[in-house]
Amino acid sequence: MTTQASDIPQRRPLARIGSFLAERRKLLLDYFSAISGAGGRLVFSLAYFIALANTLSISEFGMFATASAAGVMLSRILAFGFISALYRTATIRPRLIGTFTAGFLMLGVASLPVLAAASYGVYLIFFASTVPLAVFAAIVFAEALLWRPVEVALIVNNGLGKFGRAAFLAILATALRALGAVLFMFSAERTVGVWSWYYIGANAASLLLAFGFFYPRQRLRLRTELYLRRLADSIYVAGAEVLFYLQSEFDKLLVLAIGGPHLAGIYAIIMRLVDLTAIPIRTFSMMLVQRMMRAPDMLSRLTVKSGIEGGVFVVSTSALLALGIVLHFFPNALGKNVSEAAPLVALAICVPGLRNLVEYQAELLFARGQTLVRAINLGLLAGLKALLLTYVLTTISDTPSLVLSLNVVFLLMYLASALLTYSAMRKPAKPV
């Protein structure tokens, strides 16, 4: 009896751990399904980047990367942000997916004139002197009307909890882009204009795959009254998304406008490597957002908030540090063109963590239904980033010093974001 009694304290912690894991088995399986997609997407994204960055000249890669960033930003105008309502429906009321998909298609068509006008305005402001209009229009078309609907299929599958299907689609779609870049390597003419047609083809193939095999089969039914009720919230989300990508990608636009295509190319290479660190973090944020939709107060404790933010920063920084070490010893590891930017990668050591935290904090407000506050906050952050980057680009001419100064720029961005986000989270969450 004494031996059995002495074993009890040792068994209780193990029993608690076993019970904890058993209760969260589905959550862990869902996370590993989702992260497997992020891992596969990371591999093919890296292959895509290496193939493209070493086929185009650095200047033309800068033109494409900047036009693509503008296309991603402009794509958020599609359907006036109604994708957010579709995501919430898939998460909470999956039987209405067909109804809300019909609404997305209807509003998508209605948004085309606004999308075209906004695209032309952005072209005149940032690209008129560096990128041909036909090339810019082709890239925006690929991002907004081909790739954005693929993201809709991913979003709906994730909302339904079908993380494995979403992960498989993400891998296949990214693989098609990588295949397009590899085929482009063997083309007779390797210009950004020719690449834009390969890019359209790869994204069109992804779109056919997404809606032919991965989108849930439900009858499309128009119910205008349902859409009108959620349209204001969707427009807030669309505005917030445009502002989010404006503050996220504005640096590329400014570098192209102020520093020219070659500096834009070097900068785009560095920031593309920074972007790759965000792929696993976005998977975590997506699952956290879904849980917060059902339990808006789950981050009420300071220890939970700080623990998550610390984890995001450490994972992001470690990823870029590892890449910087590899490129220090093997500068040609990612190709000849990338080797020109290789010595600069490690100088941006804090940028991935701080940038990913700003993105993570914006998702918290979306999860709590605070879409208008989120839009206002992102507008303020976009303005702050514009001021900081304009100052840096006009006062620092040395490229290594410029890259190093980005750590300070993103630190100030993070502090402003944290102040705005957590002040807003003191208010009650809104029902979604």
Side-chain angles (χ1 to χ4, degrees), residues 72-93 96 100 103-104 106-108 110-111 114-115 117-118 121-122 144 148 151-152 155 159 224-250 282 285-286 288-300 305 309 355 357-387 413-432:
V72 170
M73 176 186 73
L74 291 163
S75 72
R76 271 50 196 175
I77 297 173
L78 185 67
F80 303 113
F82 199 71
I83 293 166
S84 65
L86 190 54
Y87 179 47
R88 294 184 194 280
T89 300
T91 303
I92 301 170
R93 305 177 191 89
L96 291 175
F100 277 78
F104 166 73
M106 181 186 77
L107 290 170
S111 68
V114 179
L115 177 59
V122 169
R148 185 56 174 159
E151 291 181 329
V152 170
I155 286 167
T224 310
E225 70 281 0
L226 283 180
Y227 315 144
L228 293 175
R229 210 179 303 160
R230 289 162 178 80
L231 190 56
D233 183 74
S234 296
I235 290 172
Y236 295 153
V237 172
E241 289 285 302
V242 170
L243 290 170
F244 171 77
Y245 280 97
L246 178 63
Q247 68 84 16
S248 179
E249 307 293 352
F250 197 61
R282 286 173 185 148
S285 297
M286 175 267 297
L288 184 67
V289 163
Q290 287 193 10
R291 294 199 70 188
M292 285 189 69
M293 284 181 184
R294 302 181 183 100
D297 297 322
M298 64 178 291
L299 295 185
S300 56
K305 290 177 190 172
E309 293 212 352
R355 190 179 188 215
L357 282 170
V358 171
E359 183 174 326
Y360 158 77
Q361 288 169 353
E363 291 304 302
L364 296 183
L365 294 178
F366 173 77
R368 289 168 53 85
Q370 294 174 282
T371 50
L372 178 58
V373 175
R374 180 175 182 255
I376 293 169
N377 287 1
L378 289 169
L380 293 172
L381 291 174
L384 175 63
K385 190 174 189 180
L387 290 173
M413 290 283 295
Y414 163 72
L415 293 174
S417 173
L419 178 64
L420 292 168
T421 300
Y422 291 118
S423 297
M425 286 179 66
R426 291 176 184 171
K427 298 176 182 178
K430 293 184 177 181
V432 296

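Counting heavy atoms from C-beta outward, Arg148 and Arg76 have side chains that approach closer than 4.5 Å. In this structure, Ile376 and Leu380 have side chains that are in contact, with non-hydrogen atoms separated by less than 4.5 Å.
Side chain of Ser423 to backbone of Leu420: no donor-acceptor contact under 3.5 angstrom is found. Under a 3.5 Å cut-off, the side chain of Thr421 and the backbone N or O of Ser417 do form a donor-acceptor pair. A donor-acceptor distance shorter than 3.5 angstrom exists from the side chain of Gln361 to the backbone of Ala418, with no hydrogens or angles considered. A donor-acceptor pair is defined here as one N or O able to donate and one able to accept, closer than 3.5 Å; such a pair exists between the side chain of Ser75 and the backbone of Val72.
Atom CG of residue Leu381 and atom CE of residue Met413 lie 5.0 Å apart, to the nearest 0.5 angstrom. Between the OH atom of Tyr414 and the CG atom of Leu357 there is a distance of 5.5 Å, given to the nearest 0.5 Å. Rounded to the nearest 0.5 Å, atoms CD1 (Ile235) and CG (Leu372) are 12.0 Å apart.
Here the closest heavy-atom approach between residue Phe104 and residue Phe82 is recorded as N-CD2, 3.7 Å. Considering all non-hydrogen atoms of both residues, Val242 and Met73 come closest at O-CG, 3.5 Å. Of all the heavy atoms in Ser111 and Ile77, the pair that sits closest is CB-O, 3.7 Å.
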